[in-house]
Amino acid sequence: QVQLVESGGGSVQAGGSLRLSCTYSGTDSRHAVGWVRQAPGDEREGIASITYKGSTDYANSVKGRFTISRGGDKRILFLQMNNLTPEDTGKYYCAARYVGQATMNHLDYNSWGQGTQVTVSS
């Protein structure tokens with residue numbers, strides 16, 4: 001059973017930073033994990049992903065501003081978000097792909113956390 005729990009969301013002004021965390025369990029060395037966000041009225045958007053071996057991928061909308069990384073035991077996932085804009089507002093989900101590469105396609109993920117809200121004000 002794969003379980004994921006996010007934390008670290010909140011409210012921040014434009015230009016500010018936040019760091020999201022996700023603790024997860026139940027995966028093996030073939031997995032990838034990532035962050036997916038959903039703004040009100042929009043579809044889910046994959047924004048960052050990382051494989052067990054550390055290969056990363058980012059959506060163009062966050063490239064250069066967001067950084068995905070893992071903790072030393074590889075069961076903690078982080079998303080460092082800098083230079084936030086109001087367009088980054090949404091619910092952020094940590095998700096796991098049981099087998100495969102890093103992906104921006106949210107349909108590739110098999111398990112999801114409950115999500116954490118990020119609100120950026122102008």
Side-chain angles (χ1 to χ4, degrees):
Q1 184 81 3
V2 176
Q3 295 182 320
L4 306 102
V5 180
E6 305 95 337
S7 61
S11 297
V12 66
Q13 289 191 326
S17 298
L18 283 173
R19 189 174 85 155
L20 306 183
S21 301
C22 171
T23 57
Y24 65 97
S25 60
T27 57
D28 63 23
S29 61
R30 299 171 296 171
H31 76 280
V33 284
W35 292 96
V36 178
R37 70 184 178 191
Q38 187 169 25
D42 288 349
E43 292 188 356
R44 291 187 176 186
E45 173 193 18
I47 57 171
S49 184
I50 186 169
T51 65
Y52 183 80
K53 294 184 178 180
S55 297
T56 59
D57 195 10
Y58 295 93
N60 288 335
S61 58
V62 306
K63 202 170 289 184
R65 300 187 299 123
F66 291 11
T67 302
I68 190 171
S69 62
R70 315 170 75 127
D73 67 356
K74 296 185 178 179
R75 289 295 180 261
I76 301 176
L77 183 69
F78 300 107
L79 184 69
Q80 178 65 44
M81 305 186 293
N82 298 329
N83 194 22
L84 286 159
T85 73
E87 288 69 37
D88 294 315
T89 294
K91 196 161 189 179
Y92 284 66
Y93 298 88
C94 176
R97 183 183 194 185
Y98 297 167
V99 179
Q101 298 302 310
T103 180
M104 293 300 101
N105 186 351
H106 68 278
L107 298 176
D108 289 335
Y109 291 107
N110 305 106
S111 291
W112 297 76
Q114 80 286 355
T116 186
Q117 181 67 34
V118 171
T119 302
V120 185
S121 58
S122 57

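Side chain of Thr119 to main chain of Ser11: no donor-acceptor pair is present (N/O by atom type, distance under 3.5 Å, no hydrogens or angles). Thr56 places no side-chain N or O within 3.5 Å of a backbone atom of Ile50 that could act as its donor or acceptor partner. Between the side chain of Tyr109 and the backbone N or O of Thr103, at least one donor-acceptor pair lies under 3.5 Å. Side-chain atoms of Arg97 never come within 3.5 Å of backbone atoms of Thr51 as a donor-acceptor pair (strictly under, hydrogens ignored).
By the 4.5 Å heavy-atom criterion applied to side chains, Asn110 and Val2 are not counted as neighbours. Side-chain contact between Tyr92 and Met81 is present, with at least one heavy-atom pair separated by less than 4.5 Å. Counting heavy atoms from C-beta outward, Leu77 and Leu4 have side chains that stay 4.5 Å or more apart. Under the 4.5 Å side-chain criterion, counting only non-hydrogen atoms from C-beta, Leu20 is in contact with Val118. Within the 4.5 Å cutoff, the side chain of Glu6 has heavy atoms near those of the Gln114 side chain.
Here the shortest heavy-atom pairing between Arg65 and Leu84 reads NH1-CA, 3.9 Å. Minimum heavy-atom separation, Asn82 to Ser17: OD1-OG, 2.9 Å. Heavy-atom minimum distance, Ser49 versus Ala102: OG-CA, 3.2 Å. The two residues Thr89 and Gln117 come nearest to each other via the heavy atoms CG2-NE2, 4.1 Å. Here the closest heavy-atom approach between residue Gly8 and residue Leu18 is recorded as O-CD2, 4.2 Å. Closest non-hydrogen pair, Ser122 versus Ala14, comes out as CA-CB, 4.3 Å.
The OG atom of Ser61 lies 4.5 Å from the CZ atom of Arg37; values are rounded to the nearest 0.5 Å. Considering CG of Asp42 and CD of Glu87, their distance stands at 11.0 Å, rounded to 0.5 Å.
Within 6.0 Å of the CD atom in Gln101, the count of heavy atoms belonging to other residues, nucleotides or ligands does not exceed 12. The environment of CD in Glu43 is sparse: at most 12 heavy-atom neighbours from other residues, nucleotides or ligands sit within 6.0 Å.
Residues satisfying the side chain to side chain contact (heavy atoms under 4.5 Å, CB included) criterion with Ser25, sequence neighbours excluded, are Gln3. For Arg75, there are no salt bridge (charged side-chain N to carboxylate O under 4.0 Å, His left out) partners, not counting sequence neighbours.
A single hydrophobic cluster is seen to contain both Val33 and Trp35, as judged by linkage of ILVMFWY side chains at heavy-atom distances under 4.5 Å, directly or through other members. There is no path of hydrophobic side-chain contacts, each under 4.5 Å, that joins Val99 to Trp112.
Among residues at least two apart or in separate chains, there is no ring pair (Phe, Tyr, Trp, His ring centres under 6.0 Å) pair with a member in residues 56-79. For residues 22-102, the pairs satisfying disulfide bond (SG atoms under 2.5 Å apart) are Cys22-Cys94, with sequence neighbours left out. Screening residues 43-93 for disulfide bond (SG atoms under 2.5 Å apart) gives no qualifying pairs among residues at least two apart or on separate chains.
Taking Ile, Leu, Val, Met, Phe, Trp and Tyr as members and joining any whose side-chain heavy atoms lie under 4.5 Å apart, directly or through other members, Tyr52 forms no hydrophobic cluster with any other residue.
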- request: Evaluate the side chain to side chain donor-acceptor pair (under 3.5 Å) criterion for residues Ser111 and Tyr98: first the C-alpha distance (whole Å), next the side-chain angles of each, then the deciding distance (0.1 Å), finally the verdict.
  value: CA-CA 8 Å; Ser111 291; Tyr98 297 167; 2.4 Å; yes

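Arg44 and Gln38 are linked by a side-chain donor-acceptor pair at a separation below 3.5 angstrom, with hydrogens and angles left out of the test.
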